[in-house]
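Order of the sequence lines sets the chain letters (A, B, ...), proteins ahead of strands, with each chain counted from 1.
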Number of protein chains: 2
Amino acid sequence: MPKLKTINSEVLLNKQLKDTEFRKEYDALAEEYELAGEIIRLRKKSGLTQRQLAELAGTSQPSIARLESGEYTNLTLSFLRKIGRALGVIPEIHFRKLGNVHN
Amino acid sequence: MPKLKTINSEVLLNKQLKDTEFRKEYDALAEEYELAGEIIRLRKKSGLTQRQLAELAGTSQPSIARLESGEYTNLTLSFLRKIGRALGVIPEIHFRKLGNVHN
DNA sequence: TTAGAATATACCAATTTTGATATATTTTGT
DNA sequence: ACAAAATATATCAAAATTGGTATATTCTAA
């Protein structure tokens, strides 16, 4: 998975987003960061520290840190469910059609 | 009398669905089967056999069969992305609040 | 019914996440 | 600035998925 370079120009980014290959990578990365951010939001909304959430979920603080860092892109659904259960939510997977350039 | 039996089963199911513990398990399972079903639908919509999808995704027919059977509940997101890419879709994860009927 | 395709199951090795612990770094409050 | 809490990083073992191959079962059309 090619790493996204930090790009200063939004124009360039928008241009690249129209390239389907680039778009796929971008969407995948965005999804991961979104996921990590969502978990952080949920945890803070619950007023929990990583350690507390770990305790509730039956895992360790470093595992939560790893999850929130987005370090692992290959998380298992069971792990996500475990965390979700501790936060009172259930992860759902939906498939979104890849954006067609022509519409 | 099969009809009566079905009705009783539904009554029992509704009763059980009110039990939170049971509910969690049920939701998790439903989600998994939903996911497997979704993939089957997408594959057939594309007119692909398991072998063809496997080829496109860079995996094997048995792996697709496993995925569609819902055998493994602990799928990795990377695997789902791989399959999704071959089907022209991207898997997205959202967290749904648990338990409350009113959302 | 029968042959061939499609799908499901079985098995084991390989890869990767997760578990677990220790420790470092950053943040927060006083 | 200091101390304590919170978070991030590192390392290695354990557990689970995935890869790959072979084979069995089911489905489909002639």
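- Between the Arg43(A) side chain and the Leu48(A) main chain, a donor and an acceptor come within less than 3.5 Å of each other.
- Of the side-chain N and O atoms in Thr76(A), one or more sit less than 4.0 angstrom from OP1 or OP2 of dT18(C).
- As rounded to whole Å, 11 Å separates atom C1' of dT18(C) from atom CD1 of Ile83(A).
- Distance Phe79(B) CZ to dT15(C) C1': 14 Å, rounded to the nearest Å.
- Taking atom CG of Leu80(A) as the reference point, atom P of dT17(C) lies 13 Å away to the nearest angstrom.
- Closest of all the heavy-atom pairs between Ser78(B) and Asn74(A) is CB-OD1, 3.0 Å.
- For the pair Gly58(B) and Lys82(B), the tightest heavy-atom approach, listed with the atom from each and the gap, is O-NZ, 4.0 Å.
- Whole-Å rounding puts the Lys82(A) NZ to dA16(D) P distance at 10 Å.
- Within a 6.0 Å radius of CD in Glu55(B), other residues, nucleotides and ligands contribute 12 heavy atoms or fewer.
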Q. What string of B, S and - do you get for nucleotides 6-11 of chain D 5' to 3' if you count protein non-hydrogen atoms under 4.0 Å?
A. SBBBB-
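- Residue Thr59(A) places at least one side-chain N or O under 4.0 Å from the OP1 or OP2 atom of dG19(C).
- Between the Ser63(A) side chain and the Thr59(A) main chain, no donor and acceptor come within less than 3.5 Å of each other.
- Across the protein-nucleic acid pair, Arg81(A) atom CZ and dT17(C) atom P stand 18 Å apart, rounded to whole Å.
- Leu98(A) is not listed as a side-chain neighbour of Val89(B), based on a closest heavy-atom distance of 4.5 Å or more.
- The distance from atom CD of Glu55(A) to atom C1' of dG19(C) is 15 Å, rounded to the nearest whole Å.
- We find that CG of Asn74(A) is positioned 4 Å from P of dT17(C), with the value rounded to whole Å.
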